[in-house]
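So that the names make sense, note that chain A is the first sequence line, chain B the second, and so on, each numbered from 1.
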Amino acid sequence: MVRVTKKQEHRLPDLRNVGKHVVMRMAPSPSGPLHLGHSRMSILNDEYVKRYGGDLVLRIEDTNPENIDPIAYDQIPMDLQWLGVNVTQVVIQSERMDIYYDEARKLINSGHAYICFCKQEEFRKLKLKSEACPHRDSSPVENMESFEKIIRGGFNRGNATLVIKTDLNHPNPSIRDWIAFRIVDTPHPRTGLKYRFYPMMNFSVAVDDHLLGLTHVIRGKDHLNNTEKQKYIFDYNDWTLPEYYHYGLINIPDTVLKTSIIKKGIVNGEYSGWDDVRLGTLMALKKRGYAPETFRRYWIESGMKEIDAEFSWDIFNSMNREIVDKNASRFFFVKNPMEIRLNNETALISKIPYHPGIPDTGFREYEIGSNASIFVDPADWNNLDDGKSIRLKDLCDVQKIGNTGKVLSIKPGKEKLKIIHWAPQGSLKFIIFRPDGTTDKGISEPLISSYRGIAQFERYGYVNVEGEKGTGYFLHK
RNA sequence: GCUCCGAUGGUGUAGUCCGGUCAAGCAUUUCGGCCUUUCGAGCCGACGACUCGGGUUCAAAUCCCGGUCGGAGCACCA
């Protein structure tokens, strides 16, 4: 039997129980702009909504006033738009507080939730022993009174919580009677001090997943326990559970992603902003020249397995190179330039294709006068033994004699020579910011001045160029 | 410690549900060759993996049991 060649492209597995359409969501906390890690859940959800049709909800989970950066409300939708993620509905949780209160009242009435006045430590200890706290048996009427009193501001932080009754003998202590609301008196960037009794993520998520009609939930497996907790809310209300998927954690090496670290760095001036090229934010990656399509391809290939994995910049860059290369004009960038003199008697014309693979992109052309001097990278020139020959790409072959190049031939000789790049007189200062925080300074050929976008600096790498400024951001080799 | 989850080359994946077509495919990396006036692209080739031990079976990457290793969560973050 002949083996059928498998399709090269990776395809995400089909979802279970898909009806006419799906409703899915992304639920970032607004602690800052999106980063590389967030792009995974965004792409995954978006892919499925595109496959099956339906809605994709962006739900901003801003129920912890202490962990909000207002920039996120605007930047997250922009990040998603850049990624090509088609959000059909935006929901901001801080605008839904009354909904959460109503759902809480329902659970209090049905005896599934109680107000607890235990100190944090006390409550924890009892739970570990599988013992009920003294407030667990309060009547719904008592609980309701307390609840309304808390909402009106009758208690201070740490003195009261709303707890969901689960199972005190559950093998996992964190799932035993979990806290659904707690008091926070920090002003909220959007609602100020209007509310002080905030739902915990497990409560608001369960309520919203139901009310928004979620059919499928895809998220990281760090939420595995949370899913267990949220199921109680669905049970008590007799709501239909969405299908859950939990993908494994991705370790992204050599990349700063933690918003707390980034924020601190921005404040103390170490980073220039959220788009500092040393960071793993989408803003920074965009600035360096990554294509949105690269993210999509990468995360589709990674799939939804629960296994933890290592993010591979090699593979990511390789995918990006494939996308970006065809539109990347070639230029010469000479790092730490040194001048060498040629002994040509007549002027030389150098005509170099902008893209050797795509002939109709044209040429860049420079005239090198007689006995001209040009610039080369000392790393190339100094490694060449005196008397040896080298090829100046698209210019001529030369023999090294000290710091002069004796022109051997204008047409490339038969001999196989090392080929190096160079820059003519009139080249412009150019500086490249690299993601490791270093910079490469040098010069680039004159025609770079009108170029914008991703260029390939030959033998150096891909760089997102702002020609008129003489700066560029290193993308990858 | 407790609860849950997982294990295919350096990395990422395919195959595992329904055992045989898998002496394991693809991509990436590294190395070599061809081509080429880039160390890019393209082409060819090489290295490199089923965590271990038992069991079931004519047959196991695939099913079962155990060990090991790794990961996540562990309570007023999301």
Using a 4.0 Å heavy-atom cut-off, does [X] contact any base of the nucleic acid, only the sugar-phosphate backbone, or nothing at all?
X: K351(A); result: nothing
X: M200(A); result: sugar-phosphate
X: I419(A); result: sugar-phosphate
X: S312(A); result: sugar-phosphate
X: E306(A); result: sugar-phosphate
X: I420(A); result: nothing
X: D177(A); result: nothing
X: L392(A); result: base
X: K119(A); result: base
X: C118(A); result: base
X: S31(A); result: nothing
X: I410(A); result: base

Pairwise [atom1] distance for [N] and [M], with rounding to whole Å:
N: rU21(B); M: rU68(B); atom1: C1'; answer: 33 Å
N: rG33(B); M: rG54(B); atom1: C1'; answer: 47 Å
N: rC50(B); M: rU8(B); atom1: P; answer: 11 Å
N: rG32(B); M: rG40(B); atom1: P; answer: 13 Å
N: rA49(B); M: rC26(B); atom1: C1'; answer: 14 Å
N: rG70(B); M: rA27(B); atom1: C1'; answer: 24 Å
N: rA46(B); M: rG53(B); atom1: P; answer: 29 Å
N: rA61(B); M: rG73(B); atom1: P; answer: 34 Å

Result of checking F203(A), Y198(A), Y114(A), Y195(A) against F181(A) for ring pair (Phe, Tyr, Trp, His ring centres under 6.0 Å):
F203(A)
Donor on one side chain, acceptor on other, [X] and [Y], under 3.5 Å:
X: H223(A); Y: N226(A); value: yes
X: T255(A); Y: W313(A); value: yes
X: S389(A); Y: D397(A); value: no
X: R219(A); Y: T227(A); value: yes

Classify the ring geometry between [X] and [Y] as parallel (under 30°), tilted (30 to 60°) or perpendicular (over 60°).
X: Y460(A); Y: F474(A); value: perpendicular
X: F117(A); Y: F155(A); value: tilted
X: F316(A); Y: Y290(A); value: tilted

With heavy-atom distances below 4.5 Å as the criterion, would you say the side chains of R321(A) and K477(A) are in contact?
yes
Should W299(A) and L36(A) count as side-chain neighbours, where that means a heavy-atom distance under 4.5 Å?
yes
In terms of side-chain heavy atoms of [X], which of [options] is nearest?
X: D394(A); options: rG12(B), rC5(B), rU37(B); value: rU37(B)
X: I179(A); options: rU8(B), rU11(B), rC76(B); value: rC76(B)
X: R391(A); options: rC76(B), rG71(B), rU37(B); value: rU37(B)
X: D314(A); options: rA78(B), rU29(B), rC76(B); value: rU29(B)
X: D308(A); options: rG71(B), rA7(B), rG12(B); value: rG71(B)
X: N172(A); options: rG73(B), rU29(B), rU36(B); value: rG73(B)
X: A309(A); options: rG12(B), rG73(B), rU8(B); value: rG12(B)
X: E310(A); options: rG12(B), rG6(B), rU37(B); value: rG12(B)
X: S174(A); options: rU28(B), rA78(B), rG73(B); value: rG73(B)

Please report the distance, rounded to the nearest Å, between [atom1] in [X] and [atom2] in [N].
X: R176(A); N: rG73(B); atom1: CZ; atom2: P; answer: 19 Å
X: K229(A); N: rC74(B); atom1: NZ; atom2: P; answer: 7 Å
X: Y366(A); N: rU37(B); atom1: OH; atom2: P; answer: 21 Å
X: E458(A); N: rU38(B); atom1: CD; atom2: P; answer: 7 Å
X: F316(A); N: rU13(B); atom1: CZ; atom2: P; answer: 15 Å
X: R364(A); N: rU37(B); atom1: CZ; atom2: P; answer: 15 Å
X: H246(A); N: rG73(B); atom1: NE2; atom2: P; answer: 13 Å
X: I115(A); N: rC76(B); atom1: CD1; atom2: C1'; answer: 13 Å

Distances under 3.5 Å between protein N/O atoms and the N/O atoms of nucleotides 40-45 of chain B, please, pair by pair.
residue : atom : partner : partner atom : Å
rG40(B) : O2'  : Q456(A) : NE2          : 3.4
rG40(B) : O2'  : Y462(A) : OH           : 2.6

In dot-bracket notation, what is the pairing pattern of RNA chain B, taking Watson-Crick (N1-N3 plus N6-O4 or O6-N4) and G-U wobble (N1-O2 and O6-N3) contacts under 3.5 Å, with [ ] crossing and | for other strands?
(((((((..((((......[....)))).(((((.......)))))....(((((..]....))))))))))))....
With ring-ring contact (aromatic ring centres under 6.0 Å, His included) as the test, would you mind laying out the steps for F457(A) and Y462(A) before giving the verdict?
CA-CA 6 Å; F457(A) 284 153; Y462(A) 293 84; 9.9 Å; no
Result of checking I368(A), L348(A), L395(A) against P424(A) for side-chain contact (heavy atoms from CB on, under 4.5 Å)
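Option passing the side-chain contact (heavy atoms from CB on, under 4.5 Å) with P424(A): I368(A).
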Worked check of side-chain contact (heavy atoms from CB on, under 4.5 Å) between D177(A) and K165(A):
CA-CA 5 Å; D177(A) 283 27; K165(A) 269 188 214 172; 4.1 Å; yes
So, is K393(A) near the phosphate of rU36(B), with a side-chain N or O under 4.0 Å from OP1 or OP2?
no
Name the residue closer to the 5' end of RNA chain B, choosing between G158(A) and S318(A) according to the nucleotide with the nearest heavy atom.
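With G158(A) and S318(A) compared, the 5'-side residue is S318(A).
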